[in-house]
Amino acid sequence: MTEPVLNQKIPFIHSIKVKAWLAVLFMAVVPLVALGLYSLSILSQITHNLIIKSNLQAVQQVKSEIEDYLQLYRGLIALLKTDKRLETPNSPEASEALRELKMNYEFLEYCILYNNNSRAIVAHSRKEYNETPNFSENEKGIFSLKKKLVFYPGKFFLFESLPDPNSDFRILLSVSFQKLKKSLDRIALGTSFHVSLVDQAGMEVLGQNQLDPELVKHLVKQEYGAYEVFFNNETEASSIAVILPMPSTGLNIIVTQEGKEVFSLVKNMKTGTFGVIAIVALVAFFFGTFFSIQMTSPIIMMADKANEISMGNLEVDVRSNRRDEIGFLASCFNQMTVKIRKKVFELTALYNISSIINRSATYQEALDKALAHVVLIFKAKRGSIMLLEEADERLRLSSVKISEELPMPEKKVIRSYVLLKKGIGLAGKALEEGVAKISLDCQNDENFLKYNDSFDLQLPSMVLCAPLLINGKAIGVINLADRLDNSPFMGDELDLLMTIASQTALSIANARLNELAITDGLTQLFIHRYFQLKLDEELKRSTRFNDPISLILFDIDHFKKFNDTWGHQQGDMVLKEVAKLLKESVRDTDIPCRYGGEEFTIILPRTTAEQAIVFAERLRKTVETNNFSGQEKPLSVTISIGIAEYPKMAKSKAELVKFSDKALYYCKKQGRNCTNIYSTEME
C-alpha cells in the first residue's frame, strides 16, 4: 500500500487561525435557537434510536433463551435414544427409561414411545407400566404428524424415531412452556416489556394472549425490525413492537414496550433544553451555526473514525481535501492507520500461529494447522513446509496445504515424493543461504526445480520460499505458490513471510520438544506420567460438570510367552502395531496411553461404562483379526480389557485404576481375549 505524502508546511492563508479570526470578525450575531433546535433534534433521534436498539437487543436475548430451551430438550431426546432399554419398546424397562427422564425434568409433562404405523402407545412415563394415558382430542391428533417439532398453546411436542432404521417406533416428548415463560419474565423484569411467541397463523403458543389478534396478524407478516404502533388516530405511538422470525421453528418473537416509557426520556430532555435555549438565544451569534458546522464537522468526522479504530476497525481512512491544519491532521491520521494495520496484521498473524501450534494435540497437527493459517493469510493456492533431515541434510515435505480447486495427488504420496538436497531449487537455496527467495515466473526461472513429468503435479506460476530459522540455523523451509486471485506476490510480503517463518520455526520446535516429552518412543502413545496428569484433569472436570468418565485398561495376552517364543524384537513390533490400531480407533477427545510394558490404557471423557464396552469390544476384535507381520506366517494376538466408571463405580482416581485393573484380572481368570466391566462380584 502506498503511504500518503505529508505537506510539512501549511501556507499562512490556509491556517485555521486565520480562518477562525476572519469568521469571528465578519460574521454577525445570530440567535442560538437554530443550533439548539438542530442539536435537540439530533439528540432526540439518537435517544430514540438507542431505545429502539435496546428493544432489538432484548428480542435477540429472547431468541437465545428460546433456542437454548429447545436445544435442551433436543439434547434430552438424543440422550434418550441411546438408552439400551428402548431396544425393547414394549417392555416395563422402556417405560422406566421414559419415567426416569420425566422425573428428572420438572417441565417435561410426559414421554411416550408409540408405534408409528398403528399409533399404539407401547411405553410411557406414567407411574404404572399398565396405566393408560389420557389425551385430549387435540393431543391424539399429534401422533399422525410427520414433523419433529409441533407447538400448541402453553406447550410443544418433540418427535424422534429410534436409531434402528428398521424400527417403526417413535419417541414423543411433551414439554411445558412454564420454564421458558419464567425466563422471559426475568428478562422483562422492571420494564414494560411484554414477550409473545406466535406461529405464522398468529396463535400465541405461550398461552398468554395479551396482544390484539389483529396486531399480531399484521406483525407476523413484517420483516425483522422495530415498529411504532398507533391506535385510534394517535399522533404519538402508543407502543413499540419488535418482530423477529425464527424460520427454523416457524415461530415469531414479538416484544412490545409501552410508548410512554419509550418517549418519556425524550420529552424530559426537550423540556429542559427549550428552557436553556430561550435564555441563551438572546446573546448567540446569527452566523454561529454555519461557523460551527464548518469548523467542527471535520473534527467530529475524525473523532468518529478514531472511535471506529478503537472498536477494532483498522480499515479506516479520513478523506479530506483541506490544506489547513485539519487536512494535515487527516494525512497524519491516514499514515498512522497504514502503519498500525501493517503492524497489527503482522502481530495477529504471529499470535494466531503460535496459538494454533500450542493448541494442537500432535506435532503433525501443529504443522498442518500452522501451514493452513499461513496459506490463508497470504491467500495462496497452495503451500508446504519442508523440514531438514539432519542425518543426510535433505529437505523432506512434512506438511502440504492444497486448494480444493486444484487436482492434486494424495498428500501422503506428495510427502514421500518431494525430497530436496541443500542448495537445490528455490527451497534448497533459501535453506542454504538463510534468506527468503521469490520467483514470479517459475516456468522460465532456472533456479526453480521442475517437477518430474511422470508425477501429475501442476507447475506453479509464482513461488515464495522462506527459511525456518532458529538462532540463525535453518531447520526447514516454508513455501507458498500462486494467489487465489492470481495477483503477484509483493516485496513487502517477502519480509512478512520471513518474520512469520521465524516465529513458526520456534513454535514448531517447541511443539516437537513437547511431543517428545509426553509420548512413548516405541508406541508414540502418551507416557504413564502424562496419563496420571490427564486423568487428574478429567476427574476434576467430571466432578465439576457431573459427567461420567470411563477408564479402559488392557494388555496383550501371553506377551511374556510371546517374547520368549519369537524374541523381543518381534514383541516390540507387536507393541507398535497394537498402539497404531489403538490410535486409529479412539476419538479426538479420548486419551490413549502406554501404561507400562504390554499394558495400555484409554481415558474416555463423558462416557459411561456401557458406552465404553462398545468401543472396547470393537478394539478387541480389531486386534484379534489383525495379521501381525515379522515371521514367515502372520501372527495373531489377542488382548484382555477391563473397564471402570467414575463416579458410578469408583469414587477416586485410585479406585478407578484399581477397579479397571480388577476387571482386567477377571478377564485373565475367564480365559483372556474378552472384555469386562467392573462389578463387586470380582472382589
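Just so you know, residue 1 is the first one in the sequence shown, and it goes up from there.
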SB check [X] [Y] (cutoff 4.0 Å):
X	Y	answer
Glu96	Arg99	yes
Glu624	Lys621	no
Glu160	Lys81	yes

Output yes when a side-chain donor or acceptor of [X] lies under 3.5 Å from a complementary backbone atom of [Y], and no otherwise.
X	Y	result
Lys669	Tyr665	no
Arg85	Thr88	no
Ser95	Pro92	no
Thr607	Pro605	yes
Thr601	Ile552	yes
Asp557	Asn673	yes
Asn104	Glu100	yes

Could you label the plane-to-plane angle of the [X] and [Y] rings as parallel, tilted or perpendicular, counting under 30° as parallel and over 60° as perpendicular?
X	Y	value
Phe659	Tyr678	parallel
Tyr595	His528	perpendicular
Phe159	Phe157	tilted

Looking at [X] and [Y], what are the two nearest heavy atoms and their distance?
X	Y	value
Cys667	Asn676	SG-ND2, 3.2 Å
Ile77	Leu158	CD1-O, 4.0 Å
Glu645	Glu610	OE1-OE1, 4.0 Å
Gln670	Cys674	OE1-SG, 3.8 Å
Ala609	Ser550	N-OG, 3.3 Å
Tyr646	Leu656	N-CD1, 3.9 Å

Rounded distance (nearest 0.5 Å) linking atom [atom1] of [X] with atom [atom2] of [Y]:
X	Y	atom1	atom2	result
Glu598	Phe554	CD	CZ	11.0 Å
Arg620	Ile613	CZ	CD1	9.5 Å
Ser174	Leu108	OG	CG	7.5 Å
Arg672	Ile556	CZ	CD1	12.5 Å
Ile602	Phe526	CD1	CZ	13.0 Å
Ser660	Leu553	OG	CG	4.5 Å

Answer whether the closest heavy-atom distance between the side chains of [X] and [Y] falls below 4.5 Å.
X	Y	value
Pro592	Phe600	no
Phe559	Val637	no
Leu522	Arg594	yes
Leu101	Leu173	yes
Lys653	Gln532	yes
Leu551	Phe531	yes

Quick one: list whatever passes salt bridge (charged side-chain N to carboxylate O under 4.0 Å, His left out) with Lys147, sequence neighbours left out.
->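 For Lys147 there are no salt bridge (charged side-chain N to carboxylate O under 4.0 Å, His left out) partners, ignoring immediate neighbours.
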Evaluate the criterion salt bridge (Lys or Arg N to Asp or Glu O under 4.0 Å) for residue pair Glu538 and Arg541; output intermediate values, then yes/no.
-> CA-CA 5 Å; Glu538 293 300 333; Arg541 186 179 292 110; 2.8 Å; yes
Option among Leu581, Thr638, Ile641 that satisfies the side-chain contact (heavy atoms from CB on, under 4.5 Å) test with Val623 =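 Of Leu581, Thr638, Ile641, side-chain contact (heavy atoms from CB on, under 4.5 Å) with Val623 is met by Leu581 alone.
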So, Thr519 and Tyr530: side-chain donor and acceptor under 3.5 Å apart, yes or no?
->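 Short answer, no.
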